[in-house]
Visitor: 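The structure that follows is given in the form of structure tokens.
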Amino acid sequence: MAKKVAVIGAGASGLPAIKCCVDEGLQPVCFERTDHIGGLWYYTEEPTDGQSCVMKSTVINTSKEMMCYSDYPIPKEYPNFMHNKHVLQYFNLYAEKFDLKKYIRFKTEVVNVKKSEDFKTSGKWSVTTRDVTTGRTEDHVFDAVMLCTGHHADKNVPDFPGLQDFQGKVIHTHDYRKPQGYEDKQVVIIGIGNSGVDSAVELSRVASQVFLSTRRGAWIFNRVGDKGQPGDMLFSNRATRVILKLLSFFQSTDEMFAKKLNERFDHAKYSLQPNFPPFSSHPTINDDLPNRIICGSIKIKPNVKKFTKTGVEFEDGAFEDDIDAVILATGYRFGFPFLDKSVIDVINNKIELYKSMFPPDLENKTLACIGFIQPLGAIMPISEQQCRLFARVVKGDVTLPSKEEMWTEVRMKLDALHKKYVESPRHTIQVDYLNYMDELSKLNGNFPYLGKLLLKDPKLAASVFFGPVTPYQYRVMGPGKWQGAREAIFTQMERVDYPFATRPLGFKIEKDQKKSIWKYCFYFLILALLVQFIFR
């Protein structure tokens, strides 16, 4: 009899959780407290506490080829960086393609998850749900549980001196939707993460003045990379990583990236440069911020010292009066209020999990956190890879290390995280897309080994090494191999280029003739062997 798996949440992580369970012959039941799929990507006009939602204008920061699920490319007609409506449309297409909605119980909230009485021998879980409409509760028993509830739900609201006495409007970015109502206002936005900068840029077009307050500053990355290509596709590249590693013997990677970012605009001159390297903080991605600063509609300010009834004093002593609104872009607190704290206890956004998924102390590895990561890259394919791994663990096809080995790795990873990143609640669950995907796929058995590919399919091997590490690479071999992966890799740049071709030029453009990929094979062989030597 197929094992039953409870999937909690039908967002970007819950959907692939359902599919991966079905793929592995498991029986998923997904509980979603709203009446729709999509999680935070389902736009609503009115905010709901505990339910995250994008702004009306939000555009995703990862390009479509890097963020798609590994066996379902995003349509070529979609823009490379999609508005939230396109992201939601893609989720619905994915759900329809694989008939996922029939496994979802909408308007059903999970109120309690705890170990069953015989957990030590069975690994089963007792789950209590509540019908949001009727209030009726129901008890269930599941063989496994996948937590897919996300980490952008509960607002982090700092207590600034005098904020309670401030007479203007105060909201969190969780509740901000669109710029209407802020016309000709003076607005202070606290926080320079992606939500803070996105709202600042948007409001700067209608407000009389926007002040963007930051404790440390930030390095600003672009969606649009060299020659107009999606920036994340240029960076997520195995060959590039090898070259950077070799170059680091002569110049630090931090210096190289700082120089590259400052070539677009001088971060120090724009009062943005922090006292740490570019990758010691989660990237802030916005192509418009320097334009809004140079025209004066956004002014960068230091941290807030205190509020008065009508104004704000900053830590450098500067004071701005007649402030109409304050927007707190101060992040989120995450946790699992329905889960017994003996299983997972999140303190100050700190969580100790093997591979960012498994509580090491659990006797049976039948519960996993899916998508509780802050990746340098797209979260959707990472969540999917986590689901693929967990489904095979539940089936018994993958055996995890001992508890002691898990704790050793967890502590090592947390120590590395502490050394790399600035101390902050937003840097407790950071992972690097490429490195983390490789880790999970090796454990699951679907890592695209270059040596094997080179012997069987040199052209594909070259694309895997020299091209962007799109999710399709993790479907070319091993469990869950997809026959369409090879074609998806070879046609990915066609899908990138397609939405640009909106006007016939009427004449031909002379382009550099592309060198045949076969000319690289000999050099690739040397590099592939070098890669395996360095990273084995």
Side-chain angles (χ1 to χ4, degrees), residues 13 145-154 156 193 215-216 218-219 241 245 248 252-254 274-284 330-337 339-379 381-383 385-387 389-390 393 398-444 535:
S13 297
V145 174
M146 303 174 81
L147 306 177
C148 307
T149 52
H151 55 85
H152 289 100
D154 297 320
N156 176 42
R215 283 182 296 172
R216 302 187 183 97
W219 294 98
R241 296 292 178 97
K245 190 173 182 69
S248 67
S252 78
T253 306
D254 291 335
N275 190 27
F276 52 77
F279 290 105
S280 289
S281 177
H282 188 71
T284 298
T330 48
Y332 294 86
R333 299 278 179 186
F334 71 85
F336 310 97
L339 181 64
D340 191 323
K341 289 189 181 298
S342 66
V343 179
I344 299 176
D345 191 12
V346 182
I347 301 173
N348 295 325
N349 280 13
K350 293 180 180 178
I351 186 169
E352 297 176 327
L353 300 171
Y354 175 67
K355 299 298 183 189
S356 300
M357 293 177 61
F358 300 97
D361 286 335
L362 270 185
E363 300 95 327
N364 294 289
K365 302 301 182 278
T366 54
L367 177 141
C369 297
I370 305 297
F372 284 87
I373 45 173
Q374 185 91 295
L376 296 176
I379 196 170
I382 293 179
S383 292
Q385 181 63 60
Q386 289 179 326
C387 295
L389 172 61
F390 182 69
V393 169
V398 174
T399 302
L400 298 177
S402 67
K403 180 174 78 170
E404 292 72 24
E405 290 174 301
M406 286 187 181
W407 273 118
T408 298
E409 180 173 313
V410 168
R411 293 185 180 108
M412 180 184 70
K413 290 287 182 67
L414 290 175
D415 184 57
L417 206 64
H418 178 73
K419 290 177 179 177
K420 180 175 180 179
Y421 290 98
V422 176
E423 184 68 27
S424 170
R426 71 192 295 237
H427 295 145
T428 57
I429 52 174
Q430 291 288 132
V431 297
D432 175 79
Y433 167 82
L434 199 162
N435 292 337
Y436 185 58
M437 286 287 283
D438 283 357
E439 277 186 38
L440 294 181
S441 59
K442 286 176 181 177
L443 187 58
N444 188 54
F535 297 108

Visitor: Would you say the side-chain atoms of Thr408 and Glu405 include a donor-acceptor pair closer than 3.5 Å?
Guide: no
Visitor: Answer yes or no: is there an ion pair linking Asp432 with Lys420, defined by an N-O contact shorter than 4.0 Å?
Guide: no
Visitor: Please indicate whether Arg215 has more than 12 foreign heavy atoms, meaning atoms of other residues, nucleotides or ligands, lying under 6.0 Å from its CZ.
Guide: no
Visitor: Calculate, to the nearest 0.5 Å, the distance between atoms CG and OH belonging to Asp361 and Tyr354 respectively.
Guide: 14.5 Å
Visitor: If you count heavy atoms of other groups shown closer than 6.0 angstrom to CG of Asp415, is the number above 12?
Guide: yes
Visitor: Between His151 and Ile373, is there a donor-acceptor pair closer than 3.5 Å when you use the side chain of the first and the backbone of the second?
Guide: yes
Visitor: Just so I know, are the side chains of Phe336 and Cys369 near enough to count as touching, which here means a heavy-atom distance under 4.5 Å?
Guide: yes
Visitor: Do Asp340 and Ser342 have side-chain N/O donor and acceptor atoms under 3.5 Å apart?
Guide: yes
Visitor: Looking at every heavy atom in both Leu417 and Thr428, which two are closest together, and how far apart are they?
Guide: CD2-O, 3.4 Å
Visitor: Passes side-chain contact (heavy atoms from CB on, under 4.5 Å), Lys442 versus Met437? Steps please.
Guide: CA-CA 8 Å; Lys442 286 176 181 177; Met437 286 287 283; over 6 Å; no
Visitor: Looking at Lys413 and Glu439, is there a salt bridge between them, counting it only when a charged N and a carboxylate O are closer than 4.0 Å?
Guide: yes
Visitor: Is a salt bridge present between Glu409 and Lys355, judged by a nitrogen-to-oxygen distance below 4.0 Å?
Guide: yes
Visitor: Any side-chain donor-acceptor pair under 3.5 Å between Tyr436 and Gln386?
Guide: yes
Visitor: What closest approach, in Å, do Gly377 and Tyr433 show between heavy atoms, and which atom pair accounts for it?
Guide: CA-CB, 4.0 Å
Visitor: Could you walk me through whether Ile344 and Glu352 pass the side-chain contact (heavy atoms from CB on, under 4.5 Å) test, one step at a time?
Guide: CA-CA 8 Å; Ile344 299 176; Glu352 297 176 327; over 6 Å; no
